[in-house]
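Residue numbers begin at 1 in each chain, while the letters A, B, ... track the order of the sequences. Owing to the predicted nature of the structure, the values given are computational and were not obtained by experimental measurement.
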2 protein chains.
Amino acid sequence: MKTRLKSTADIGLDQMLCFAVYKAEQAFNRVYRQALEPLGLTYPQFLTMRLLWSAGNLSVGEISERLGLDSGTVTPLLKRLTLMGLVKKARRTDDERRVDIFLTDEGRALEAKSEAVMQCIAQAIAVDGQEGDEMLMTINRLTANLTDAAER
Amino acid sequence: MKTRLKSTADIGLDQMLCFAVYKAEQAFNRVYRQALEPLGLTYPQFLTMRLLWSAGNLSVGEISERLGLDSGTVTPLLKRLTLMGLVKKARRTDDERRVDIFLTDEGRALEAKSEAVMQCIAQAIAVDGQEGDEMLMTINRLTANLTDAAER
DNA sequence: AAAAGATAAATCGCGCACAATACAATTGCA
DNA sequence: TGCAATTGTATTGTGCGCGATTTATCTTTT
């Protein structure tokens, strides 16, 4: 039988890079869901908290930008963190459009528990540092390409 | 100054593999959003249609399983595809618990437009086949590790 | 100094994702 | 045969994510 050129129509989901990333993201979500259960945080909430722990107070816009999220996503997320008593909002006095997000004592205290989470994740990833760094670069390059393409 | 051991607390978001995957998934979503606009499909809807195009009729459960999604996600998604007239549901006669999903003529016809989408995505990914395959394997291994860890 | 434009955050509507639950059909087993 | 456990799908509630719009504040222009 004649071998015909493979058209993109023949590519199954499992050969698609996008689907691999889709599943990887699902997998991270599931692992984090378990690991974060004792902290009472979701995965995006945890990312936000890590940002605040390492960078200190940030405005809503800075948080949006660093997480790559829209204000329509971040605003309600921060509202929930506020309700949990982990952060506080305060309008900036020199520019009243901006709203700064501060960690409360309780929010700062939660960082102690995050070490265990990170260990748990590192173990779940189960690749050594060297290889992990390579993965990181590879995936970042992919992201950069896609972002580039989306912007034209 | 003394160099101290790097604790996981010091790792910024940008050094975290999970965040890289998070952003890659965001990026794919944005590229697909643009590419799929002419088809009137979302990214998960497109994945579902590709599944049906290549595998033929499947039950709700089979679709859930292959996409790695819950019935609480898939059921409303299929309801929307049904409303668009792309698929039809039919209870299986030999086991009335099952619901088979069929492509309509319109649904089958839509495949013609999918080729352009795939080309567009391939171009956005911007890595050659060889390297893409390596990425695929790398990411799949990561996913396997995570899934493994989540299951114990 | 007033009008026009730009920017920051919040709000709304829609769709995805999952846990928990409900319910009906089927299977297994005593 | 009869009834309990299992299986397949749907429903509900909560949270994430984005586009579009709104409101308030700040900046620029004139």
Side-chain angles (χ1 to χ4, degrees), chain A residues 18-19 22-34 36-37 39-49 58-84 87 89-101 147 150, chain B residues 18-19 22-34 36-37 40-49 58-84 87 89-101 150:
Chain A
C18 66
F19 191 60
Y22 183 80
K23 285 190 305 176
E25 175 60 13
Q26 274 183 344
F28 265 122
N29 251 297
R30 298 194 220 286
V31 171
Y32 267 109
R33 197 183 312 281
Q34 285 186 23
L36 289 174
E37 212 262 335
L39 310 216
L41 292 178
T42 66
Y43 176 38
Q45 286 167 7
F46 181 69
L47 293 177
T48 305
M49 291 302 288
L58 295 172
S59 72
V60 173
E62 288 165 331
I63 294 174
S64 299
E65 200 239 318
R66 300 219 205 177
L67 295 179
L69 295 172
D70 192 275
S71 81
T73 301
V74 170
T75 297
L77 188 154
L78 290 172
K79 191 174 291 182
R80 283 182 284 272
L81 290 179
T82 305
L83 281 191
M84 293 181 225
V87 305
K89 303 188 199 190
R91 280 215 122 67
R92 203 175 284 182
T93 48
D94 60 326
D95 182 350
E96 301 225 332
R97 289 171 303 180
R98 287 182 160 74
V99 174
D100 276 335
I101 304 299
T147 303
Chain B
C18 67
F19 191 61
Y22 184 81
K23 285 191 305 177
E25 176 61 12
Q26 274 185 344
F28 265 122
N29 253 299
R30 297 195 220 285
V31 171
Y32 267 110
R33 197 184 312 281
Q34 284 187 24
L36 290 174
E37 212 263 334
L41 292 178
T42 66
Y43 177 36
Q45 286 166 8
F46 181 69
L47 293 177
T48 305
M49 292 302 290
L58 293 172
S59 72
V60 173
E62 288 166 331
I63 294 175
S64 299
E65 199 239 318
R66 299 220 205 175
L67 296 179
L69 295 172
D70 190 276
S71 85
T73 301
V74 170
T75 297
L77 188 154
L78 291 173
K79 192 174 291 182
R80 283 183 283 273
L81 291 179
T82 304
L83 281 192
M84 293 181 222
V87 305
K89 304 190 198 187
R91 283 217 117 73
R92 203 175 283 183
T93 48
D94 60 325
D95 182 349
E96 301 225 334
R97 288 170 306 179
R98 286 181 160 78
V99 174
D100 275 335
I101 304 298

Quick one: label B:Thr42 by what it contacts on the DNA or RNA (base, sugar-phosphate, nothing), any heavy atom closer than 4.0 Å. sugar-phosphate

Send over the distance from A:Arg92 CZ to D:dC26 C1', rounded to a whole Å. 13 Å

With a 4.5 Å limit on heavy-atom distance, are the side chains of A:Asn29 and A:Gln26 in contact? no

So does A:Lys89 get a side-chain nitrogen or oxygen closer than 4.0 Å to the phosphate oxygens (OP1/OP2) of C:dA10? yes

Rounded to the Å, how far apart are B:Gln26 CD and C:dA17 P? 14 Å

Between C:dT11 and A:Lys79, is there an OP1 or OP2 to side-chain N/O distance shorter than 4.0 Å? yes

A:Arg98 CZ to D:dC26 P: how many Å, rounded? 10 Å

D:dG17 phosphate, OP1 or OP2: any side-chain N/O from B:Tyr22 under 4.0 angstrom? yes

Taking all non-hydrogen atoms of both residues, which atom of B:Leu41 and which atom of B:Leu36 are closest, and how far apart? O-CB, 3.3 Å

With A:Ile101, which of A:Ile63, A:Thr48, A:Leu58 fulfils side chain to side chain contact (heavy atoms under 4.5 Å, CB included)? A:Ile63

Rounded to whole Å, how long is the line connecting atom CG of A:Leu69 with atom P of C:dA9? 14 Å

Rounded distance in Å - CD (A:Glu25) to C1' (D:dG17): 12 Å

Result block: side-chain N/O donor-acceptor pairs under 3.5 angstrom for residues 64-75 of chain B, not counting sequence neighbours:
from, atom 1, to, atom 2, distance (Å)
B:Ser64, OG, B:Val60, O, 3.0
B:Asp70, OD1, B:Gly72, N, 2.7
B:Thr75, OG1, B:Ser71, O, 2.9

Side chain of B:Gln45 only, heavy atoms from C-beta on: which candidate in D:dT9, C:dG15, C:dA10 is closest? C:dG15

Send over the distance from A:Leu78 CG to D:dG17 C1', rounded to a whole Å. 14 Å

Taking only N/O atoms, report every protein-nucleotides 20-29 of chain C pair under 3.5 Å with atom names and distance.
from, atom 1, to, atom 2, distance (Å)
C:dT26, OP1, B:Glu96, N, 3.2

Kindly assign one of parallel, tilted or perpendicular to the pair B:Tyr43 and A:Tyr22, based on the angle between their ring planes and the thresholds 30° and 60°. perpendicular

Relative to the 5' end of DNA chain C, which residue comes earlier, B:Thr73 or A:Glu62, by the nucleotide with the nearest heavy atom? A:Glu62

Of B:Gly61 and A:Gly68, the one whose closest nucleotide on DNA chain D sits nearer the 5' end is B:Gly61

Answer yes or no: is there a donor N or O on one side and an acceptor on the other, between the side chain of B:Gln45 and the main chain of B:Leu81, under 3.5 Å? no

Atom-to-atom span, CZ of B:Phe46 to P of C:dG15 - whole angstrom: 19 Å

With a 4.0 Å cut-off on heavy atoms, is B:Ser59 in touch with a base, just the backbone sugar-phosphate, or nothing at all? sugar-phosphate

Sequence neighbours left out, what passes side-chain contact (heavy atoms from CB on, under 4.5 Å) with B:Arg98? Give chain and number order. B:Arg92, B:Asp95

When rounded to whole Å, the CG to C1' distance for the pair B:Leu58 and D:dT9 reads 15 Å

